[in-house]
Every structure is written in structure tokens, then in C-alpha cells.
There are 2 protein chains.
Amino acid sequence: MKIKEVSAKFNISADTLRYWEREGAIPPVSRDKAGYRDYDDEDLDWITFAKCMREAGVSIEYLIEYLTLFKQGDTTLQARKDLLGEQLETIAQRLHEIQHTYDLIKEKTEHYEAHVEGYHGKLSQ
Amino acid sequence: MKIKEVSAKFNISADTLRYWEREGAIPPVSRDKAGYRDYDDEDLDWITFAKCMREAGVSIEYLIEYLTLFKQGDTTLQARKDLLGEQLETIAQRLHEIQHTYDLIKEKTEHYEAHVEGYHGKLSQ
DNA sequence: ATAAACCTTGGAGTCGACTTCAAGGCAAGT
DNA sequence: ACTTGCCTTGAAGTCGACTCCAAGGTTTAT
């Protein structure tokens with residue numbers, strides 16, 4: 001799979017895909033005879049993972065750290081688990097913050113609902 | 001309330017508080033005779049709001065837009081409600097993304113749990 | 001065989017959100 | 001009066017995460 005297709009499939013710019021790879025947030029993608037990136041299923045799995053993590057606000061640095069451990073093999077299983085656990089904590093916290101804000105805005109919009117109606121009422125009387 | 005206290009209370013740097021005000025993400029704070037910022041309850045409410053929103057990933061630009069409408073008075077009630085509704089949408093989406101990532105990592109850590117145990121098992125036998 | 005549409009790399013540029021700096025004013029304690 | 005600590009402003013600097021650019025190679029269609 002070439003970079004443009006991957007870009008379309010994940011809705012991530014080709015530049016970003018190259019950037020992630022350059023930085024070491026995903027493993028190096030193998031190239032075809034022309035020197036073009038040719039993504040295999042494993043590469044796509046890494047992109048899925050990276051995309052999820054980035055969407056949840058996890059930094060590139062963390063991804064690099066995780067991949068670095070991963071490349072070092074089985075002896076880093078515990079370290080990787082710890083790293084993920086740490087992220088899980090952070091994400092859970094973020095989740096609650098956002099939930100909190102969601103509730104606040106929800107309430108605020110309902111408040112507005114009442115006010116705007118009141119305002120319309122005034123206008124129509 | 002002086003800037004340092006506010007900074008401590010909200011755990012937001014004084015620089016950031018000044019930055020938000022300068023940008024128009026919160027209303028101008030009145031000054032005492034010395035020219036120092038003196039935050040009143042309303043100011044604190046705005047900071048609470050801004051902090052919540054920022055934590056949920058809402059941009060400074062949005063806050064400026066909201067405050068701009070707010071300053072224009074009651075005629076912008078509907079516009080403000082719309083703006084908040086829009087944000088609510090975005091935040092709900094973000095919430096789901098993060099929830100999704102949370103589940104994924106949770107699963108992954110459990111997976112690791114098994115593997116690490118397996119690994120320990122191998123070692124201890 | 002030539003153009004159009006891909007791809008490559010290295011490096012520079014951008015953007016949002018701070019953060020730091022420089023130069024200086026006020027204020028409370030000794 | 002002097003030091004220490006907090007405050008002010010405007011401007012410049014930083015940082016993370018892209019995003020764009022230049023120069024050039026490949027592939028596909030005409």
C-alpha cells in the first residue's frame with residue numbers, strides 16, 4: 001500500500017506519516033524497488049495505534065519511547081506495560097476533565113435555551 | 001485577589017493568565033491603585049470557564065469569539081448558544097475518541113499482563 | 001518521449017499556546 | 001533608605017507537531 005492510499009485510509013496527511021516515521025513514532029516502513037514506501041499490515045497496525053494515541057493527546061515522544069522498548073524485545077515487556085499503564089492513567093484523567101467540561105457546557109446551553117426563549121418571548125409580545 | 005493567588009488557586013501560571021487576558025479569551029481584569037490586577041468573583045468565573053474549555057481542547061480563538069459575542073450583549077444570545085452547541089459537538093466527539101483509545105490501551109495492558117506473566121512463568125520454571 | 005502524477009529526502013517554515021526576558025514601578029519589612 | 005518580592009508592559013523566544021518547499025527520481029498514460 002502506497003503512502004497516498006494510507007493517507008486516504010486513515011485521513012492522515014502523507015507528510016505526517018513521513019514525520020512519524022522519521023521521528024521513530026512508528027517503525028521504518030520498507031520500500032519497493034523504486035524506493036517508495038510500501039506499507040504492510042503490520043505498518044497499518046502501528047499507524048492505527050499511533051493515530052488512536054495521538055487523538056487521545058499522547059505525545060510523539062511517548063510513542064517513540066514505546067517503540068524503542070518494543071524494538072528491544074521481550075525483556076521490555078514489563079517496562080512497556082508500565083508505560084501503557086501510565087498513559088492509561090493520564091487518559092482516564094483527561095477523559096474525566098473532558099466529561100466535566102461537557103457537562104458544564106451542556107448545562108450552559110440549556111441555560112441559554114431558557115434565556116433565548118425568554119428573549120424571543122419578549123420580542124414577540 | 002492578586003495574580004499570584006489566582007495562579008495558585010487554579011494552578012495556571014501568572015503568565016498564562018496575563019496571556020489569556022491580553023488575547024481577549026477572558027475579559028480585562030480591573031487594576032488597583034498600583035496598577036496591579038485585582039481579580040473579582042466574576043473574573044474567577046471566567047477563568048474557571050476558560051480553564052475547563054482549554055482542558056477539553058477548545059482553542060483560545062474560540063474563547064475569544066465567545067467573549068466577543070458576550071460583550072455585545074443580549075442580541076448575541078442565539079449566536080453564543082450556537083457556538084457552545086458547536087463546541088459541545090466537538091467535545092462529545094473528542095470524548096468518544098479518547099474513550100476508544102482508553103479501551104484499546106486497557107485491552108493492550110491486559111494483554112501485556114498475560115504475556116508478562118507468561119514470561120515470568122517461563123523464567124520461574 | 002514527454003507530460004502528469006506519483007514518490008523520495010533534507011531542510012526550512014508555520015502555528016498555537018505559552019514562556020521568558022528586559023526594564024522598570026510599587027510595597028512591606030528591617 | 002534599602003532590600004526583597006511582587007507586580008507591570010511589550011517584545012522576543014521556545015516547543016511540539018506538523019506542513020511546506022526544492023530538487024530530483026519513477027511510473028503511467030498519451
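Order of the sequence lines sets the chain letters (A, B, ...), proteins ahead of strands, with each chain counted from 1.
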Legend entry - A:Ile26 CD1 to D:dA17 C1', straight-line distance once rounded to whole Å: 15 Å
Inset, instruction - Could you state whether A:Tyr36 and A:Leu17 fall into the same hydrophobic cluster, counting links through intermediate Ile, Leu, Val, Met, Phe, Trp or Tyr residues with side-chain heavy atoms under 4.5 angstrom apart? - result: no
Legend entry - Nearest-Å distance for atom pair OH/C1', residues B:Tyr39 and D:dC7: 11 Å
Might you list the N or O atoms of the protein lying below 3.5 Å from N or O atoms in nucleotides 26-30 of chain D, with each pair's distance?
from: D:dT26; atom 1: O4'; to: A:Tyr36; atom 2: OH; distance (Å): 3.1

Legend entry - Distance below 4.0 Å between B:Arg18 side-chain N/O and D:dT9 OP1 or OP2: no
Legend entry - Whole angstrom value for the distance that separates P of D:dG5 from CD of B:Glu5: 17 Å
Inset, instruction - Identify the two heavy atoms, one from A:Ala50 and one from A:Ile26, that lie closest to each other, and give their separation to 0.1 Å. - result: CB-CG2, 4.0 Å
Legend entry - Contact summary for B:Ser7 and B:Ala14, nearest pair of heavy atoms: OG-N, 3.7 Å
Legend entry - d(CG, A:Asp38; C1', C:dC6) in whole Å: 14 Å
Inset, instruction - Starting from P on D:dT9, measure out to CD on B:Glu23 and report it in whole angstrom. - result: 14 Å
Inset, instruction - Please say whether the positively charged group of B:Lys9, taken as NZ for Lys or CZ for Arg, lies over the ring of B:Tyr39, i.e. under 6.0 angstrom from the six-membered ring centre and within 45 degrees of the axis. - result: no
Legend entry - Between P of C:dC6 and CE of A:Met1, the distance in whole Å: 15 Å
Legend entry - Under-4.0 Å side-chain N/O to phosphate OP1/OP2 contact, A:Arg31 with C:dT9: yes
Atom pairs, N/O to N/O, protein against nucleotides 14-18 of chain C, distance under 3.5 Å?
from: C:dA17; atom 1: OP1; to: B:Ile60; atom 2: N; distance (Å): 3.3
from: C:dC18; atom 1: OP2; to: B:Trp20; atom 2: NE1; distance (Å): 3.4
from: C:dC18; atom 1: OP2; to: B:Arg54; atom 2: NE; distance (Å): 2.8
from: C:dC18; atom 1: OP2; to: B:Arg54; atom 2: NH2; distance (Å): 3.2

Legend entry - Stacked cation flag A:Lys71 on A:Tyr66, 6.0 angstrom / 45 deg: no
Legend entry - Residues which pass salt bridge (charged side-chain N to carboxylate O under 4.0 Å, His left out) with B:Arg18, listed by chain and number, not counting sequence neighbours: B:Asp15
Legend entry - Nucleotide D:dC18, atom C1' - distance to CG of A:Leu63 in whole Å: 14 Å
Inset, instruction - Taking all non-hydrogen atoms of both residues into account, name the closest pair between A:Ile105 and B:Leu84 and its distance. - result: CG2-O, 3.8 Å
Inset, instruction - In sequence, state the C-alpha distance, the side-chain angles, and the governing distance for A:Val58 and A:Ile91, and then conclude on side-chain contact (heavy atoms from CB on, under 4.5 Å). - result: CA-CA 8 Å; A:Val58 176; A:Ile91 290 173; 4.0 Å; yes
Inset, instruction - Would you indicate, yes or no, if C:dC7 has its OP1 or OP2 atom less than 4.0 angstrom from a side-chain nitrogen or oxygen of A:Arg37? - result: no
Legend entry - B:Arg37/B:Glu21 salt bridge by N-O under 4.0 Å criterion: yes
Legend entry - Atom-to-atom span, CG of B:Leu17 to C1' of C:dT19 - whole angstrom: 13 Å
